[in-house]
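A, B, ... follow the sequence lines: proteins, then strands. Residue 1 opens every chain.
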Amino acid sequence: MEARELFEAHGAAIYRFAAVLLKHPQDAEDCVQETFLKLLRHLAAGGETTNIRGWLFTVAANAARDRQRGRARWIPWLPAHDREVPPAPLPDEDGRLARARAALAALAPRDRMLLTLRAQGLSYRDIASAAKIAPVSVGRLLARALDRWAAANEQRENSHEPVFEQYPDPGRR
Amino acid sequence: MNPCLNSIQIQAVADGEAGAAERAHVATCGACAARVARRRQQITEIEQTLNAPVAMPASLAERVDTALATGAAGATRLRPSSGGGRRRWIYSGFAVAVATLIAVLFIVPAVRKHDTTVSAAEILAKSANQLAAAPAANVERLVYELVLDGVPREIMPDHANGTGAYRVQEVIDHSVAGRYRLATYDPSGVELSSVAQDPATGRRVMTVRVDGQPYRFETTLPATQTLSVPEIERLHMQATVTLMQASGNQRVQVIDAPDGREYRIDVPRVSTATPAAVWDLMEAHLIVDASDFHVVELAVKGAFLKQPYSFSYKLLTHDVESPDSVPADTFDVPVEPGAIVIDAGEGSPVPAADAFQASLRELAKARQKR
């Protein structure tokens with residue numbers, strides 16, 4: 001497949017992934033573009049294509065990490081900056097998914113990355129590559145991340161905290 | 001029966017990554033099977049949360065399409081990821097603010113180095129370094145086109161007869177600090193304004209045309225010289241290239257132009273300006289000569305103090321001469337027939353301010369005579 005076709009097939013998933021990690025639409029877009037330009041070069045150089053989805057998520061994760069580090073170096077990162085990606089509407093009449101999403105947003109970046117990669121259906125091997133952790137650690141770290149997410153989710157459920165505070169409508173700010 | 005699984009093993013079973021023994025245990029242990037089911041349910045919730053349909057911005061699809069097409073056809077080479085993205089465009093500081101407010105014209109210095117296999121970041125760095133370097137002790141003659149919009153256009157006194165498009169002729173003597181002449185013309189060739197100063201004579205002349213009437217302001221040079229207009233222009237251009245360097249999204253193309261190879265660096269459009277930014281660029285491209293990295297073309301769009309800001313610069317000719325070969329009156333402006341000549345006294349570092357104050361003084365004198 002050519003880069004353009006691969007973008008059509010995986011671009012949206014990479015964008016979602018980047019948006020969840022970076023929480024900023026422009027950063028997410030930059031991350032997507034960088035990822036697919038690297039793919040173009042990878043293909044042109046005759047790179048491995050047997051697991052292109054895993055490769056894309058690894059490159060996107062690296063690009064996202066670079067941007068997160070860049071933020072820390074260049075500007076004070078205000079909480080308001082973390083709330084700029086308007087979330088997609090959820091078929092969620094009882095608010096269960098909204099709470100789940102809020103709990104996910106509140107996790108540490110590595111936990112969020114691991115769960116996001118897992119939710120994309122990546123194997124432990126691919127998750128290890130993308131998250132830059134040892135393959136044998138993936139299961140343990142995933143289990144802990146899921147525990148922390150579950151605890152945060154349960155806490156929100158019990159506290160009846162207004163979940164929209166996690167993802168305010170940008171137009172209201 | 002084997003002992004029950006720990007949470008890591010449960011996770012592995014739920015993720016389809018467990019070994020045969022763990023899977024066999026879960027098949028026979030109701031408690032562990034329930035834990036696996038619970039894990040799977042949690043993962044499903046997260047998947048539903050994350051995988052809700054998100055419309056990818058149309059601008060992103062278009063942008064990636066363009067990037068892929070450009071990359072496929074040219075010599076795209078990304079800068080090594082260094083982070084920052086849009087926010088590293090944010091740049092503030094006195095020099096930039098002053099330069100941006102005042103400088104609307106640009107200078108292209110002589111540059112020397114040669115390199116043919118460089119990335120966008122390296123090209124920008126070489127270009128910025130050359131802009132920052134002290135020019136050779138020669139006389140430069142430049143002719144370039146300049147199109148201004150937004151803030152830069154508004155602060156120009158003439159607006160280029162409403163077009164915002166100028167042709168600029170500039171002569172700079174790098175052997176004498178502060179010696180230069182600069183003149184702007186509208187697209188039809190009518191001179192709009194000029195400024196010239198020569199420390200050798202201690203004089204500065206500024207001319208401007210308003211409603212067809214030429215005015216000429218003559219001052220002495222201030223005792224303390226600050227940055228000249230060309231120096232401010234150089235700072236502005238350097239700051240712009242620095243901002244382009246700060247972007248992680250540069251693309252480079254090699255252009256085989258009639259006069260030789262050139263590099264084109266594009267920084268694709270980013271979103272709207274950051275509210276807190278003093279100066280925020282949203283889109284830019286730079287073309288440099290591949291032989292010596294001098295700037296051939298530079299175009300920028302952005303915002304300055306929340307106002308739209310854009311300029312484009314295109315070099316037409318660039319000559320370098322020995323100071324000995326340049327006539328002495330090069331750094332003077334001939335008196336135009338019909339011009340109103342105003343002696344503006346001692347000049348300040350800002351020629352336009354001198355002209356403005358001198359005009360007010362003349363107005364006051366005229367009223368007192370009535």
Side-chain angles (χ1 to χ4, degrees), chain A residues 3-4 7 11-13 15-17 19-20 24-27 29-34 36-38 40-41 44 62-63 65-71 73-75 81 87-91 96-98 100-101 104 115-116 118-121 123-124 138-140 142-144 146-147 149-150 153, chain B residues 6-18 38-39 42-57 59-61 63-72 76-90 246-249 251 268 270-272 274 276:
Chain A
R4 184 66 189 80
F7 175 65
Y15 176 69
R16 281 197 301 270
F17 173 64
V20 168
H24 189 282
Q26 192 56 49
D27 282 352
E29 290 186 20
D30 291 348
C31 185
V32 172
Q33 176 170 325
E34 184 173 332
F36 281 93
L37 277 173
K38 285 186 174 172
L40 185 70
R41 285 169 27 216
N62 289 337
R65 260 194 300 271
D66 287 338
R67 276 169 174 74
Q68 284 166 334
R69 279 198 291 266
R71 287 172 180 173
R73 273 203 303 275
W74 286 87
I75 57 167
H81 295 147
L90 294 168
R96 180 176 55 86
L97 293 180
R101 180 156 60 189
L104 188 68
L115 292 176
T116 306
R118 172 64 187 85
Q120 296 297 332
S123 69
Y124 278 13
V138 172
R140 174 173 53 85
L142 255 181
R144 288 181 184 171
L146 197 57
D147 286 342
W149 169 83
N153 196 27
Chain B
N6 63 32
S7 61
I8 300 170
Q9 292 168 317
I10 291 289
Q11 184 69 45
V13 174
D15 292 336
E17 300 265 356
R38 176 66 184 144
R39 287 267 156 181
Q42 290 171 333
I43 289 289
T44 300
E45 270 190 27
I46 292 175
E47 285 173 354
Q48 288 174 331
T49 296
L50 293 174
N51 294 337
V54 174
M56 193 189 310
S59 59
L60 174 59
R63 179 177 152 186
V64 174
D65 269 345
T66 305
L68 291 177
T70 307
T76 297
R77 181 174 156 194
L78 284 177
R79 178 186 185 187
S81 297
S82 56
R86 179 180 68 114
R87 298 185 185 283
R88 289 178 59 181
W89 284 89
I90 301 168
S247 165
N249 283 322
R251 295 196 308 262
V270 297
S271 65
T272 54
T274 305

Looking only at non-hydrogen atoms, find the nearest pair between B:Arg39 and B:Ala14 and report the distance. CB-CB, 3.8 Å
Heavy atoms of A:Phe7 and A:Phe36 approach each other most closely as CA-CE2, 3.3 Å
Looking at chain B, which one of A:Ala150, A:Ala143, A:Gly11 has the largest number of heavy-atom pairs inside 4.5 Å, strictly under? A:Ala143
Contacting region of B:Gln42 [heavy-atom separation from chain A under 4.5 Å]: both
Heavy-atom nearest pair, A:Gln120 first then A:Ala13, reads OE1-CB, 3.8 Å
Please look at B:Ala18 and chain A and tell me whether the side chain, the backbone, both or neither of the residue comes under 4.5 angstrom of a heavy atom of that chain. neither
Do side-chain atoms of A:Trp149 reach the backbone of A:Ala100 as a donor and acceptor pair under 3.5 angstrom? yes
